[in-house]
Amino acid sequence: PDHPAHWKSEEGVFHSSEPYHTSQWNSRHQAGNPPAFHIPSSGPWPRLSGPPDRGHTDARAFASQDQRARHHSGEHRGLRSAHLARSTLSSCVSSPQIDSASVSRTPPGVKRERTDDSCRQLPALPQPETSDRLPLADNTYHPLHRPHWVRIFAHLPQSSLCVCMRVCKIFQRWTSLPVLWPTVDLSRLKPVAARVLAGVSKRKPRSLHLDWCGLSQKQMAWLLPRLSPNLTSFSAVGLSWSVLNAMTNCKLPASLRSLDLSWSEGVDDAAIRVVLNVPDSPRPWRLLNDLESLSLTNATITDMFVEALATHAASLHRLNLSHCQGITDKGIEAITGQTVLSKCSDSLQDFDLSGCALLTERSVVAACRCSNIQRIDVRLCESIPATVCKRFIANDGRFYMPEEKLILRK
């Protein structure tokens, strides 16, 4: 019953006008694309080597879709009647069921080679002992392993790493390791393509610079959550608040230690409160508690934010409030702990107050009271004359002034 000459339908034995022999079918199909199976010239059909497709056990189930389409279209006109009849009665063919236990399956890692009579199993190709080797053209491996290559790549600039990525796929994978990309600078890149952001998220840098770049709000909201585990320094100089507003939705990472929002439009007390404060968190001003460097040049902040900064920023080392026209002597005295209990008076080392028009001599005296202060910049402050700074330096021997209104600790 398995032989094509004994195919049956519901009404009886099917008889074709042309005698259909397997040897004739094989000889006519040797030209062109060979079939996906083999029918021997004599003898019973071989047992199938895999699970049937859609429940069929005949050989037509293993033919490709384009071969069946050519048969139905009449490309092989010599066997047109037989093939049309065969496709019409294929749903009525009754074949014995195949036992799933008797079907031979290919074990994993072993390739199969199709021959004229059977499928012969081939052993898998030998794999290298380790995956950190570089294969060469002569089927050997380079003596240096991946850790050695990474040490070499660590001495190259990022432009040279981009050249090494074009050598091969292995170099592309090794040169993309996050250890080789601690800092990524996209400053003044306009526009920022999606593939660039995908490369940044893959490398997961610890320091990211987006100064004056053409980043959109959607791109910012997509990028920041993917850098959260490792990002420690973030610079967004010159970006508008419409772009920085994405930080209010995705929240800056808790690992952030340096934040630069200088010359950004729309950065005021309310905006900074939204970015740095987490109302639902058990630790209010969570990001402000761990910040070590904060730069808010030309921001429209007032003494209210400076007082909150003095109350919560316990680890602040560097503070840049230059060109902030809303800050007065009251805010500077709050930083040094004269009006409020300040947590950053002992940790503050670099204090930049250049360009603040409302500051007077009181701010210089208050800033010098910080125990670990190393640098005070009051240049471009019109209300603080240079003679006042010189008189202060003469009375306090701990400081000196290399430039006008620039006070440094000895």
Above 12 or not: heavy atoms from other molecules or residues under 6.0 Å from [atom1] of [X]?
X	atom1	value
R151	CZ	no
R379	CZ	yes
K218	NZ	no

Given side chains that start at C-beta, do those of [X] and [Y] come closer than 4.5 Å, heavy atoms only?
X	Y	result
L261	M247	yes
W222	S201	yes
I272	L309	no
V200	P205	yes
W149	I170	no

Can you tell me how far CG of D329 sits from OG of S363, rounded to the nearest 0.5 angstrom?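 If I round to the nearest 0.5 Å, the distance is 3.5 Å.
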State whether a side-chain donor-acceptor pair under 3.5 Å links [X] with [Y].
X	Y	answer
S322	T297	yes
N320	S295	yes
D290	S315	no

As a test of understanding, state which of I407, L406, L353 forms a side chain to side chain contact (heavy atoms under 4.5 Å, CB included) with D377.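 For D377, the side chain to side chain contact (heavy atoms under 4.5 Å, CB included) test succeeds with only one of I407, L406, L353, which is L406.
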H323 and L380: side-chain contact (heavy atoms from CB on, under 4.5 Å), yes or no, with the steps? CA-CA 9 Å; H323 300 280; L380 303 178; 4.2 Å; yes
Work out which heavy atom in [X] is nearest to a heavy atom in [Y]; give both atom names and the distance.
X	Y	result
V150	L180	O-CD2, 3.7 Å
D185	H209	OD1-CB, 3.3 Å
S233	L256	N-CD1, 3.9 Å
W181	C162	CH2-SG, 4.0 Å
E307	A334	CG-CB, 3.9 Å
S345	I335	CB-O, 3.7 Å

Describe, in one word, how the ring planes of F171 and F153 are oriented to each other, choosing from parallel (under 30°), tilted (30 to 60°) and perpendicular (over 60°).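 Geometry flag for F153 against F171: perpendicular rings.
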Determine whether a donor-acceptor pair (N or O, by modelled atom type, separation under 3.5 Å) exists between the side chain of [X] and the backbone of [Y].
X	Y	answer
T300	V267	yes
D269	T302	yes
H155	I152	no
N245	Q217	no
S347	H317	no

In sequence, state the C-alpha distance, the side-chain angles, and the governing distance for L156 and T175, and then conclude on side-chain contact (heavy atoms from CB on, under 4.5 Å). CA-CA 10 Å; L156 301 179; T175 54; over 6 Å; no
